[in-house]
A.B. asks: 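Sharing a structure, written as structure tokens. Questions coming.
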Number of protein chains: 2
Amino acid sequence: MTLRDVSEASGVSEMTVSRVLRNRGDVSDATREKVLSAARELGYVPNKIAGALASSRVNLVAVVIPSLSNMVFPEVLSGVTSVLDRTDLQPVVGVTNYRPDREEKVIYEMLSWRPSGIIVAGIEHNDACRKMLAGSDVPIVEIMDIDGEPVDSVVGISHRRAGRMMAQAILEQGFERIGFLGTQMPLDHRARKRFEGFTETMAKSGLEIVDQEFYAGGSALKKGREMTEAILGRNEDLDFLYCSNDMIGAGGLLWCLEQGIDIPGKLGIAGFNGTEFLDGLPRRLATMDTKRFETGQRAAEIVAARADGTSTEPVRIEIAPAIDFGDTLQRYKP
Amino acid sequence: MTLRDVSEASGVSEMTVSRVLRNRGDVSDATREKVLSAARELGYVPNKIAGALASSRVNLVAVVIPSLSNMVFPEVLSGVTSVLDRTDLQPVVGVTNYRPDREEKVIYEMLSWRPSGIIVAGIEHNDACRKMLAGSDVPIVEIMDIDGEPVDSVVGISHRRAGRMMAQAILEQGFERIGFLGTQMPLDHRARKRFEGFTETMAKSGLEIVDQEFYAGGSALKKGREMTEAILGRNEDLDFLYCSNDMIGAGGLLWCLEQGIDIPGKLGIAGFNGTEFLDGLPRRLATMDTKRFETGQRAAEIVAARADGTSTEPVRIEIAPAIDFGDTLQRYKP
DNA sequence: CTGAAAGCGCTAACAG
DNA sequence: CTGTTAGCGCTTTCAG
């Protein structure tokens, strides 16, 4: 089933059929109708492969993310989709599982389709990736991290600054014996940078993380409970738990409430991300909203602007994360 | 940057370059080396558009789902990915937001790329979609619902049966005054079928749903709380809450525990899906595991088998959902 | 407003 | 083991 079939069925040249089907150029209403009805009749679906090759235009936008199990990435994707839906661009998702070798393969694969843009999570890539991205003439938008040298455009928060902000907020509330609960992910650069920013600010006050726990796999909520129990078992005098994501924090919070621990009187807790699901817990967990949806939107807008020729320059957008004190961080209420 | 450039740089014919780059046919080690180093030097990334057009083979597998905000769909996608990762196939995601017009557009778009397969959530589609799918010679796998007439292959659970099973389990525990908490989604056919199966089995015992609540938008956990409060406010004598997903059930459970309501002595609760996050709540919510990951795997296997010519027949796989009684459904422990 | 000719960059099919 | 010849199905470009 090709254009030629429609052409023959309608008695109109292939070229004109093509024009009708793409709404390009002027075509008389009579021919248009002939063509459309023939196409409908035959159930013709154009072949984009051929179209893309001929026009060297591809309406795909690659979105490369580390994971789908962590809701933050689907959320970014929703932001991307919400913008692309207004254009004729289509997102295509690639998942790397936080592995540089997978990232390399996924990016290579994506580039080989010559998409209208690539939106990729993170600003840290191995040399091969960086070289491929830079060498392609596809618009690149790195997202969710701006601490580093972008290849092209970049949209996101500074995780170092986020870590510093949270540390500062915690210290200002008078907390001093702080424990850290995180994920075991040597390749999660954003978590690392956050941690670095956090400890840096603590160090300025002459403080250090008292103890820490890491987990991998399983229900983050459950792990949050377990790690909280473990770290508090080892350190009775902890007065704050800083968690690298909301689920861990929520698990910790639930466990503490069950134990009857005074939150935040005796122990403060904070998570990270500002997940919607925090809404509905017995107590509002303190967190930092990282605006994933908005990040996805901004990134998609940059790609869309490049695709329609509106813009051509690299763009840098720093998203400001917002601390949400919730009920677990503000120790001394006025 | 084309094959021709690599050919000229290496002094090897385009055809042989193509062979080397695809690992096809026999090529001497010497030429292979020449080609590979030239390609590397130039940073050549093959153009799959051209390749696909010439070979009429596309390594993309379309996955069409209603939403990304509901974790069950990313979970299916993970299953798909886990299988495709072992092949040279690549998933491409399309999101419909539960809207038939969007589904139509997404499927049309996907088909126009002539993918190696289409995995689409649900078995209910409008005529246009059904016709497109049936008319394409792309392998189709409908997933997550088998109550109906599939276009081609199908993998999933019977939601009618799931609803009946849950009703039966609840009735066997002696619960009789049952309320329903659901989502406001006239187009969520799976939820509807489940509800139908549920009420059907109740009717056989001469029972009806006592009252119901529906919500749309916002945190499902929070809405679960609010709806629980509302429905119990109206019906003091309810002895069971059947929820159309785990998040609602979890919200209800948290609220009841805070109120000191005896669960499941006075009130039983059940959710649906078997979400990982239930692991970590104060009490294990009863639920029904729908095996999303496995569903994704089976679907991907069907597509992969079609792609490599191993199989050619339509397949029907019924996944058996498993009731998890948790701590909120088993009223009379032995 | 409509059509004819010439590719887009690659690979199938055949020769050697 | 290597090369040549034709396209794949569409769109660009240029003429009417």
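Throughout, protein chains are lettered first and strands after them, A, B, ... in sequence-line order, and every chain is numbered starting at 1.
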A.B. asks: Mind calculating the distance between CG (A:Asp29) and C1' (C:dC1) to the nearest angstrom?
C.D. replies: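 Answer to the nearest Å: 12 Å.
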A.B. asks: Could you check which residues of residues 131-140 of chain A get a heavy atom under 4.0 Å from DNA chain C? Sort them by number, please.
C.D. replies: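 Going residue by residue through residues 131-140 of chain A, none turns out to have a heavy atom under 4.0 Å of DNA chain C.
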A.B. asks: Considering heavy-atom distances to DNA chain D, does B:Ser56 or B:Arg32 have its closest nucleotide positioned more toward the 5' end?
C.D. replies: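 The 5'-side residue here is B:Arg32.
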A.B. asks: If a pair satisfies side chain to side chain donor-acceptor pair (under 3.5 Å) and one of its residues is in residues 298-308 of chain A, list it, with sequence neighbours excluded.
C.D. replies: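 Residue pairs with at least one partner in residues 298-308 of chain A: A:Asp152-A:Arg306, A:Glu294-A:Arg298, A:Arg298-A:Glu301, A:Asp308-A:Thr310.
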A.B. asks: Return the value, rounded to whole Å, for the distance between atom CH2 of B:Trp113 and atom P of D:dG9.
C.D. replies: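 Nearest whole value for this atom pair: 15 Å.
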A.B. asks: Does the side chain of A:Thr290 pick up a donor-acceptor pair with the side chain of A:Arg292 at under 3.5 Å?
C.D. replies: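 Yes, a side-chain donor-acceptor pair sits under 3.5 Å.
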A.B. asks: Whether B:Ser28 contacts D:dT2 is assessed here as follows: a side-chain N or O lying under 4.0 Å from the phosphate OP1 or OP2. Is that the case?
C.D. replies: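 The answer is yes; a side-chain N or O of B:Ser28 sits under 4.0 Å from OP1 or OP2.
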A.B. asks: Describe, as an angle rounded to 10 degrees, how the axis at the first end of the helix from C:dC1-D:dG16 to C:dG16-D:dC1 is tilted relative to the axis at the last end, five pairs per end.
C.D. replies: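 Roughly 30° between the end axes, to the nearest 10°.
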A.B. asks: State which residues pass salt bridge (charged side-chain N to carboxylate O under 4.0 Å, His left out) with A:Arg99; sequence neighbours excluded, sorted by chain then number.
C.D. replies: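 A:Arg99 satisfies salt bridge (charged side-chain N to carboxylate O under 4.0 Å, His left out) with A:Asp101 once adjacent residues are dropped.
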A.B. asks: Sequence neighbours left out, what passes side-chain contact (heavy atoms from CB on, under 4.5 Å) with A:Ser55? Give chain and number order.
C.D. replies: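 Scan of A:Ser55 (side-chain contact (heavy atoms from CB on, under 4.5 Å), adjacent residues dropped) gives A:Arg57.
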A.B. asks: Please identify each residue that fulfils salt bridge (charged side-chain N to carboxylate O under 4.0 Å, His left out) with A:Lys105, with sequence neighbours left out.
C.D. replies: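 Applying salt bridge (charged side-chain N to carboxylate O under 4.0 Å, His left out) to A:Lys105 gives none.
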A.B. asks: Not counting sequence neighbours, which residues clear salt bridge (charged side-chain N to carboxylate O under 4.0 Å, His left out) with A:Lys193? List them please.
C.D. replies: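 For A:Lys193 the salt bridge (charged side-chain N to carboxylate O under 4.0 Å, His left out) partners, ignoring immediate neighbours, are A:Glu124, A:Asp145.
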A.B. asks: Quick one, give me the B/S/- string for nucleotides 3-11 of chain C, reading 5' to 3', where B means a protein heavy atom under 4.0 Å from the base and S means that only happens at the primed atoms, P, OP1 or OP2.
C.D. replies: BB--BBBBB
A.B. asks: Using the side-chain contact (heavy atoms from CB on, under 4.5 Å) criterion, which residues pair with B:Val315? Sequence neighbours excluded.
C.D. replies: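 Checked B:Val315 against side-chain contact (heavy atoms from CB on, under 4.5 Å); matches are B:Ser153, B:Ile302, B:Ile317.
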A.B. asks: According to side-chain contact (heavy atoms from CB on, under 4.5 Å), who are the partners of A:Val92, at least two apart in sequence or on a separate chain?
C.D. replies: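 A:Leu60, A:Met110, B:Val92.
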A.B. asks: Could you note down all residue pairs passing side chain to side chain donor-acceptor pair (under 3.5 Å) where residues 133-144 of chain B supplies at least one of them, sequence neighbours left out?
C.D. replies: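 Residue pairs passing side chain to side chain donor-acceptor pair (under 3.5 Å), neighbours aside: B:His125-B:Glu142.
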A.B. asks: I'd like to check the side-chain contact (heavy atoms from CB on, under 4.5 Å) partners of A:Asn47; sequence neighbours left out, ordered by chain and number.
C.D. replies: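 If we apply the side-chain contact (heavy atoms from CB on, under 4.5 Å) test to A:Asn47, skipping adjacent residues, the hits are A:Ile49, A:Ala50, B:Arg114.
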